[in-house]
Amino acid sequence: MSIPAKQNDKIKVSGVILVDKPYGLTSQQVVSKVKYLFKSPTHDSKKAGHTGTLDPMATGLLPICLGEATKFSHYQLDADKSYQATILLGGQTDTGDAQGQVVATASVPTFDAAALEELAQQFLGAQQQIPPMYSALKKDGKKLYEYARAGIDVVREPRDIIIRSIRLTALDHEQIQLTVTCSKGTYVRVLGEDIAKALGTLGHLTALRRLQVGSFKVDNAITLSALEDLPLAERFTQLMPIDACIEIPAQMTLTAEQCQRVHMGQRLNVSAQLTDELQAYISQNIRQSASSQVVEATAAHETTVSNTALASDVPVDIRLLDEQGQFLGLGAVSLNGRLQPKKLIQR
């Protein structure tokens, strides 16, 4: 007796939605709620993920990728992010925020706008930061906050971060508002503690709100309650395109035959389709990549050998479109005309 195969004819929900995360929920709880709100007898919303965790205490922008858009979520994981936070001076907590227990106190010195402006300048630029114990980073397969809850302090390696911009504003004699744009991997809780120490006291965050991720802004986000109030059909109007996370301007249109071949994983010779604009884009990215490698090697006290003769072989990511203008995915193309498919979507 044969068992018939299950037929899954549901429409896969794909796209990016900007959610204004509420206080108290974990990022994963928000993802689960969004999946539920896009689920229906005819829609499959099982595959979803966010583009960077927010603490339960934090509110603000949480981009969520659904379906095929999850293939490109890492572009926003690597993006710069902007936050606004409130630092309460005079007390340090074990978590670095108001959800922890106060473990030390200190008197709060007087300060003014000029002092805060001068202090902010000290935190600008490239630097290293030691991640907090209460974080989801893993050590030997175990999350740091699990060690912290067990009373175990683990040695953490400092990580390279960049503070792109920072502003400190006095709210009163013991509270400072911090507005910052920073690179990925920056812990604003740790930054708040470091600012308090630089002032000669202790401190922790009592509020944290994410304002921007890459080019996404919280002003364009929707709250979970507002999304839930919408009829299902209108919820789909909140979805951005599958490729919304990708900030790559260069693109190439493929013929129907080329589309079939890349979906089979085949490489193409697209020399005839390399416009002057595309060649200039590829060349610029090769130069930028080479420059970054030199900087990194210099910082690590290593030597590099530049081989410009092989520059024509260096692949650069571009968008791929079909003849109808629909997004196919990403390919890596080099100046020698070789195109390798990278990540393609399934419709």
Side-chain angles (χ1 to χ4, degrees), residues 27 50-55 58 60-63 72-85 87 92 95-97 118-145 147-148 153-168 178-199 203-205 208 210-216 245-248 284-306 314 316-317:
S27 296
H50 57 72
T51 65
T53 302
L54 279 176
D55 294 336
L61 182 59
L62 186 67
F72 312 103
S73 61
H74 67 281
Y75 284 94
Q76 292 303 310
L77 282 169
D78 295 340
D80 288 349
K81 298 171 177 65
S82 298
Y83 299 88
Q84 192 166 78
I87 307 170
Q92 179 182 340
T95 61
D97 59 32
E118 182 179 349
L119 179 63
Q121 297 303 309
Q122 299 176 23
F123 287 90
L124 268 177
Q127 56 200 272
Q128 290 193 315
Q129 185 185 73
I130 298 176
M133 278 300 301
Y134 278 88
S135 67
L137 292 178
K138 290 186 177 181
K139 173 76 171 179
D140 298 329
K142 192 174 181 180
K143 293 179 179 177
L144 289 182
Y145 66 73
Y147 288 106
D153 191 58
V154 176
V155 176
R156 288 97 66 203
E157 293 296 324
R159 305 203 301 178
D160 294 325
I161 64 167
I162 302 174
I163 304 299
R164 309 286 186 190
S165 66
I166 182 170
R167 186 172 71 252
L168 299 174
L178 161 66
T179 306
V180 61
T181 297
C182 49
S183 64
K184 68 172 183 175
T186 303
Y187 285 90
V188 183
R189 284 178 287 145
V190 175
L191 181 60
E193 290 177 326
D194 290 344
I195 289 169
K197 289 175 184 176
L199 267 176
H204 64 274
L205 300 190
L208 176 62
R210 187 152 67 191
L211 306 177
Q212 190 164 343
V213 177
S215 60
F216 297 149
C245 287
I246 305 171
E247 297 181 357
I248 297 176
Q284 180 184 12
N285 275 265
I286 292 172
R287 288 194 297 270
Q288 289 176 345
S289 178
S291 177
S292 297
Q293 290 174 11
V294 169
V295 171
E296 291 172 3
T298 302
H301 305 291
E302 298 174 353
T303 58
T304 60
V305 178
S306 175
V314 179
V316 171
D317 289 357

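No hydrogens, no waters, no symmetry mates; every other heavy atom, side chains included, goes into these values. Here the structure is a predicted model, which means the values were calculated and not measured.
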A.B. asks: Are the side chain of R210 and the backbone N or O of L61 linked by a donor-acceptor pair below 3.5 Å?
C.D. replies: yes
A.B. asks: Please evaluate residues K143 and Y134 with respect to the criterion side chain to side chain contact (heavy atoms under 4.5 Å, CB included), reporting the C-alpha separation (whole Å), side-chain torsions for both, the decisive distance (0.1 Å), and the verdict.
C.D. replies: CA-CA 9 Å; K143 293 179 179 177; Y134 278 88; over 6 Å; no
A.B. asks: Using the rule given for side chain to side chain contact (heavy atoms under 4.5 Å, CB included), can you reason through I166 versus I195, listing the C-alpha separation, both sets of side-chain angles and the distance that settles it, and then say yes or no?
C.D. replies: CA-CA 11 Å; I166 182 170; I195 289 169; 4.2 Å; yes
A.B. asks: Judged by atom type as modelled, is there a donor-acceptor pair below 3.5 Å linking the side chain of Q127 to the main-chain atoms of I161?
C.D. replies: no
A.B. asks: A cation-pi test, strictly: NZ or CZ of K142 under 6.0 Å from the centre of the six-membered ring of Y147 and no more than 45 degrees from its axis. Yes or no?
C.D. replies: yes
A.B. asks: Thinking salt bridges, do R164 and D80 make one under a 4.0 Å N-O criterion?
C.D. replies: yes
A.B. asks: Could you check whether atom CD of E118 has more than 12 heavy atoms from other residues, nucleotides or ligands sitting under 6.0 Å from it?
C.D. replies: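 Atom CD in E118 is not crowded, with 12 or fewer foreign heavy atoms closer than 6.0 Å.
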A.B. asks: Between S215 and E247, do the side chains contain a donor N or O and an acceptor N or O under 3.5 Å apart?
C.D. replies: yes
A.B. asks: Is it the case that the side chain of Q76 and the backbone of C245 share a donor-acceptor pair, with hydrogens and angles ignored and the cut-off at 3.5 Å?
C.D. replies: yes
A.B. asks: Does the pair R189 and D55 meet the rule for a side chain to side chain contact (heavy atoms under 4.5 Å, CB included), with working shown?
C.D. replies: CA-CA 10 Å; R189 284 178 287 145; D55 294 336; 3.0 Å; yes
A.B. asks: Should I163 and T186 be marked as a side chain to side chain contact (heavy atoms under 4.5 Å, CB included) after you check the CA-CA gap, both sets of side-chain angles, and the distance that decides it?
C.D. replies: CA-CA 8 Å; I163 304 299; T186 303; 4.2 Å; yes
A.B. asks: Salt bridge check: are D78 and K81 linked by an N-O gap of less than 4.0 Å?
C.D. replies: no
